[in-house]
Amino acid sequence: MTQQTQQSPFKSIKDRIKANKEKGISIQGPDVMDYLYPASKVGIEVITPTGQLRSLPAVLIGADKARIIYFSLPATTPADAALYCQPGYRLTAAIICERGVGAMLCFEGFIEQFNKQPQLFTMRQPESMTLFKIRKEIRYPISCEGIALFAQHPLNIHLVDFSLAGCAFSTHHQAPTIPLNHSLELRLDAATNSGMSYQLTGTVRNQRQINNYPVYGMQFDAAGLQQSETFLKHLEFNGHQMVVRTQTGAVANIAMGHSAP
């Protein structure tokens, strides 16, 4: 059985946090759970009573009404899981925040229970977490409908966050899977001054599951960067998220199979 400490899957992100001069933002109370999404990848570091540090990749399953959080260990050997996930061991967790991608959440706690089959462990909901910004550009939470032109067929999408450099959008859970590094065009349900829908173009860089819906991260290309600046000026804050100022039926017509204007 190996006793060597694994390299944390979030090492590069932690290095960026250490280099960041800005302090993290403290999140406390019931708001803590608003930032934790099921199926998120988590970097766990367990500290044994003898001071040994062990990094374990985990996946957040979710939480119950008793404020117990569940983690699975799909990439950890049964021997290591049984050795390091013992009740009472202290742990620190690092998780990419899906609520406005571009931030990292860090929190501490103790392992409550460990289960061999299925392989998972639990901890109590932390009283507080620290949010670290890891992006230079601002990610805006947004609600906007549109379509993605994929394989000559339009897929209905919902834009969930947006920045000048990229965006994240969700599709229906039965929609075809969009492969990584695939070039894509999004047409949003918001008209330009000329009456045309906004067209954001770029490359799909990542994919994850949030509440059983596929969510894709897209990086804009040169044309998409130009459109994103104009599109941002077309948004307003409604007190909760960014929304388009006006709605048109241009994209709805495209999704129904009609030609674009």
Side-chain angles (χ1 to χ4, degrees), residues 1-18 24-132 134 173 206-215 217:
M1 182 182 304
T2 177
Q3 298 291 330
Q4 296 179 351
T5 301
Q6 292 180 339
Q7 183 180 14
S8 169
F10 292 99
K11 184 177 186 301
S12 61
I13 297 178
K14 288 183 177 180
D15 289 342
R16 292 177 63 180
I17 289 177
K18 291 179 180 179
I25 301 172
S26 178
I27 302 170
Q28 299 182 356
D31 292 340
V32 165
M33 296 308 300
D34 291 342
Y35 290 81
L36 299 179
Y37 282 83
S40 297
K41 295 182 179 179
V42 188
I44 298 291
E45 289 188 342
V46 179
I47 305 174
T48 68
T50 59
Q52 186 177 5
L53 185 67
R54 181 69 171 184
S55 297
L56 302 172
V59 176
L60 174 66
I61 298 175
D64 60 22
K65 294 182 180 180
R67 302 174 65 188
I68 300 296
I69 303 177
Y70 296 77
F71 300 89
S72 66
L73 299 164
T76 302
T77 64
D80 280 354
L83 178 62
Y84 293 100
C85 294
Q86 296 188 27
Y89 280 15
R90 176 182 291 274
L91 65 82
T92 59
I95 180 172
I96 298 300
C97 179
E98 306 293 1
R99 184 177 179 179
V101 175
M104 182 185 200
L105 290 168
C106 295
F107 52 92
E108 299 180 347
F110 295 90
I111 295 175
E112 287 282 320
Q113 294 183 355
F114 170 71
N115 189 73
K116 293 183 178 180
Q117 190 63 36
Q119 193 165 270
L120 57 85
F121 71 89
T122 64
M123 66 171 289
R124 291 193 176 275
Q125 176 185 318
E127 295 297 329
S128 65
M129 298 188 300
T130 305
L131 183 70
F132 294 95
I134 57 176
H173 62 87
N206 58 72
Q207 189 268 339
R208 59 192 184 275
Q209 293 283 330
I210 299 180
N211 296 330
N212 294 325
Y213 284 88
V215 176

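In what follows, residues are counted from 1 in the order of the sequence shown. Please read these numbers as outputs of a predicted model, since none were measured by experiment.
- Using a 4.5 Å heavy-atom threshold, the side chains of E45 and L53 count as touching.
- Note that OG1 of T76 and CZ of F71 are 13.0 Å apart. Values are rounded to the nearest 0.5 Å.
- The CD1 atom of I47 sits 10.5 Å away from the CD1 atom of I111 when rounded to the nearest 0.5 Å.
- No side-chain heavy atom of L83 sits less than 4.5 Å from a side-chain heavy atom of T48.
- Smallest separation of non-hydrogen atoms from P78 and Q119: CA-OE1, 3.2 Å.
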Side chain to side chain contact (heavy atoms under 4.5 Å, CB included) assessment of D80 paired with L73:
CA-CA 10 Å; D80 280 354; L73 299 164; over 6 Å; no
Give every donor-acceptor pair under 3.5 Å between a side-chain atom in residues 60-67 and any protein atom, sequence neighbours left out.
unit_1: D64; atom_1: OD1; unit_2: A66; atom_2: N; d: 3.0
unit_1: D64; atom_1: OD1; unit_2: R67; atom_2: N; d: 3.2
unit_1: D64; atom_1: OD1; unit_2: I68; atom_2: N; d: 3.0
unit_1: D64; atom_1: OD2; unit_2: Y70; atom_2: OH; d: 2.9

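- Side-chain contact check for M129 versus C106: every heavy-atom pair is 4.5 Å or farther apart.
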Checking C85 against I44 for the side chain to side chain contact (heavy atoms under 4.5 Å, CB included) test, could you report, in this order, the C-alpha distance in whole Å, the side-chain angles of both residues, the deciding distance, and whether it holds?
CA-CA 10 Å; C85 294; I44 298 291; over 6 Å; no
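- Summarising the geometry of M123 relative to E112, their closest heavy-atom pair is CA-CG, 3.8 Å, with the distance given to 0.1 Å.
- Outside the 6.0 Å centre-distance limit, the rings of F121 and F114 are not counted as a close aromatic pair.
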Kindly determine whether V215 and Y37 satisfy side chain to side chain contact (heavy atoms under 4.5 Å, CB included), including the steps that lead there.
CA-CA 12 Å; V215 176; Y37 282 83; over 6 Å; no
Residue pair I95, F107: steps toward the side chain to side chain contact (heavy atoms under 4.5 Å, CB included) verdict
CA-CA 9 Å; I95 180 172; F107 52 92; 4.0 Å; yes
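- Listed by chain and number, the residues in a side chain to side chain donor-acceptor pair (under 3.5 Å) with Y89 amount to none (sequence neighbours excluded).
- Every residue was checked against the side chain to side chain donor-acceptor pair (under 3.5 Å) condition with S128, not counting sequence neighbours, and none meets it.
- The minimum heavy-atom distance linking P214 with Q209 is given by the pair N-OE1, 3.7 Å.
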